[in-house]
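Report on the following structure.
Note that these values count all heavy atoms, side chains included, but never hydrogens, waters or copies made by symmetry. Model, not experiment: these values are computed from the prediction. Chain letters run A, B, ... following the sequence lines, proteins first, then strands; residues in each count from 1.
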Amino acid sequence: MDFNILMYFVFGMVAIAGGLVLLFAKHPIKGAMGLLVSMLALAGLYAILQAHSIAVFQVIIYAGAIMVLIIYFLMLLDIKSEDYLKSYAKLVWTGGPILLLLAIFFIYKLYTVFKGQPGALSDMSTVVDPMTVPESFGGIKEFSTALLTKYMFAFEFVSTLLFAAIVAVISIVQLDWRGRKND
Amino acid sequence: MNEISFNPTFLMGEISLIALIVILTLVEAFQRPIFAFFGTTDTRELDARNRQASRLASIGLMFVAVNYYIFGRATAGEEIILLHNSLKAGGGMYIGKLALMGAGILTVLMSSRYTLSQQIPAMDYYLLLCFSLLGALTLIAAENFLMIFLSLEMMSIPIYALVGLKRLSPRSGESAIKYLLLGGFSSGFLLLGISFLYGTTGSLVVSDVIGRLTFSTMDAASFLSGLGLIFVFIGLAFKVSMVPFHAWTPDVYEGAGTPITAFMSVAVKLAAFAVILKIFAGMDSFGEFDSVIGVIFMFFSLITVIYGNSVALVQKNVKRMLAYSSIAHAGYMGLALAPMAHKIQTVQAVLFYGIGYIAMNMLAFGVLVYLTHKDHYCETLDDLKGIARKAPGAAAMMTIAMFSLAGLPPAVGFVGKVQIFIQLLEGKMYVTAVIALLFSLVALYFYINVIVVMYMREPEKEIKEIGKQSLLPVWLSLALSVLVVILLGLIPSPLLQWSLKWAEVLF
């Protein structure tokens with residue numbers, strides 16, 4: 001088996017395992033660690049798919065910055081309440097089987113479809129085959145060229161969106177909560 | 001090749017709106033903060049600042065709309081795709097953007113009274129409203145899925161905060177959290193759907209994606225892209241609050257400030273519907289999947305109509321009643337999509353209905369804002385009892401709004417509903433049409449009930465004087481919307497032609 005394909009399965013399994021840990025962990029910090037593992041495995045998947053810049057961003061932004069934020073908030077909130085953990089466990093045990101059924105249906109459907117047509121996706125002329133992309137694909141140069149030409153408007157629009165989000169957060173945070181009456 | 005095609009006149013509305021946002025931000029930035037952390041608030045200073053902010057925002061937004069009305073007029077002749085398939089502009093998009101700006105102006109006008117009575121920090125409020133309006137404007141113009149997602153977030157994120165800004169009520173914070181969590185969830189669905197569509201077609205541009213989808217046989221690509229379409233539909237159906245993605249609507253509409261509820265129920269709904277139409281009605285290559293999509297629309301829309309109208313029957317709270325009524329109206333708009341044969345007229349009917357709905361719903365909520373003041377929060381049927389004696393003008397306006405919402409002539413709601421039913425009948429969907437008609441008769445009960453309560457019931461407690469705080473802008477907004485409701489009801493043809501033009505742009 002090709003090394004890339006082997007690593008693809010390894011990273012995929014690790015990502016799923018991380019997700020399961022996140023779902024079933026009793027303690028929030030353990031869940032956060034599961035999420036971290038899942039994110040790092042995803043970065044590995046991106047790297048295998050030739051998207052090197054995205055892999056780097058995944059590690060820096062998600063596994064780095066956002067994870068720190070999540071753990072920081074877990075620390076601030078300090079969730080210890082037994083009731084909360086119990087009600088969460090109830091949620092998982094009721095919602096979990098439904099999700100599992102959906103997942104089994106999805107996988108079965110994909111399996112039957114792909115069994116009928118091996119290589120169905122790469123046969124479609126419009127889909128980019130990861131094995132045939134140019135050498136420079138996914139590099140920082142290609143990435144930034146696309147970002148600043150083809151997607152320039154979206155890029156600028158995101159900055160406006162971030163500004164809107166900042167205004168939204170500040171307007172909520174500055175409220176004088178002590179002035180609240182009950183209605 | 002890398003030349004950036006850009007013609008500013010086509011984006012005059014968005015550019016002047018961004019200029020207004022910058023001005024508002026700068027004005028706020030050079031004032032000292034109203035709320036000292038852990039300190040008490042000086043209400044008199046808050047009131048003065050709110051008055052100033054309201055004046056600035058309403059004049060500014062009117063200026064933006066007039067600016068677009070004058071400069072955009074020249075662009076209505078041709079369609080153009082701007083900035084590497086990011087936005088489409090020109091053509092009939094003109095009327096859509098003007099309608100959304102109109103919704104924004106009406107909201108700002110009625111907010112000037114509401115922010116005073118509820119002590120909401122007004123400058124933040126108007127800034128967020130302008131951001132949300134900007135998102136709605138780019139959403140209807142978005143040409144690729146990336147811009148659709150970004151504009152949808154631009155439209156929603158300020159609204160999450162706006163819902164929570166009503167500082168005198170804890171319910172407002174609760175509904176903001178509910179809306180934020182469910183909204184994030186639906187955005188996740190939308191993104192997943194977009195990524196499936198991108199994966200199977202290799203493009204983000206809506207027209208390319210639609211052109212490349214093939215549903216001739218049930219192969220892997222069809223399965224994945226069908227799943228993608230369903231997820232995209234879920235993400236958008238959440239925003240227009242179609243059953244079964246409606247659960248947030250009553251709580252959020254009730255908890256949010258009344259002008260915000262009005263804005264959410266019209267502008268967000270119209271913009272999201274424009275996107276649904278762009279994706280789902282613009283398809284020619286459904287193949288045998290075509291009828292399936294039609295059935296899906298018929299099923300969900302019919303359930304939405306039935307659910308919205310029947311639950312609205314038992315509501316004691318007018319805002320909650322209007323929330324369920326807005327669910328039902330989303331159902332009517334969706335119903336027109338069920339017969340896929342008459343495409344362009346179908347889209348025209350939905351767009352006409354959406355624009356008319358802006359005027360009538362703004363009128364209904366405007367009356368509630370008019371009757372709300374510092375000591376009296378008007379939102380239940382009991383609050384409206386016998387109000388006709390104290391405020392005959394407002395009661396008359398409410399009557400017109402209820403007539404229009406119920407779909408009675410001579411208001412715009414009648415013309416809109418007739419258009420929808422014509423589409424259903426031409427599509428030979430007689431059973432659906434009859435059921436929808438029956439449930440609009442059911443709806444008649446709770447709309448007329450409001451009128452009965454206002455005119456024929458004795459008030460339980462003495463009605464306090466209607467406060468005099470900035471009544472002029474509210475009157476202006478009521479007058480504008482009542483004018484639109486009646487005029488469009490009597491002379492619908494210009495708007496019908498414009499909506500046809502808009503429908504042509506969406507394809």
Chain A contact via B:L150 - side chain, backbone, both or neither, heavy atoms under 4.5 Å: both

The interface call for B:S151 against chain A, heavy-atom contacts under 4.5 Å, is both

Where does the angle between the aromatic ring planes of B:F131 and A:F163 fall among parallel (under 30°), tilted (30 to 60°) and perpendicular (over 60°)? perpendicular

Is the backbone of B:A256 close enough, under 3.5 Å, to the side chain of B:S172 for a donor and an acceptor to pair up by distance? no

Hey, which of B:L162, B:T138, B:L127 has the most heavy atom pairs under 4.5 Å with chain A? B:T138

B:E153 versus B:S187, side-chain donor and acceptor atoms under 3.5 Å: yes

A:F57 and ring pair (Phe, Tyr, Trp, His ring centres under 6.0 Å): which partner among A:F143, A:Y62, A:Y46? A:F143

Please state whether the side chain, the backbone, both or neither of B:M147 comes within less than 4.5 Å of a heavy atom of chain A. side chain

Choice from B:I21, B:N85, B:L87, B:I18 maximising heavy atom contacts with chain A below 4.5 Å: B:L87

In terms of the angle between their ring planes, are B:F196 and A:F106 parallel, tilted or perpendicular, with boundaries placed at 30° and 60°? parallel

Residues B:K319, B:E254: salt bridge by 4.0 Å N-O rule: no

Checking B:I159 against chain A: side chain, backbone, both or neither under 4.5 Å from a heavy atom? neither

Among B:A161, B:C130, B:P158, B:S86, which has the most heavy-atom pairs under 4.5 Å with chain A? B:A161

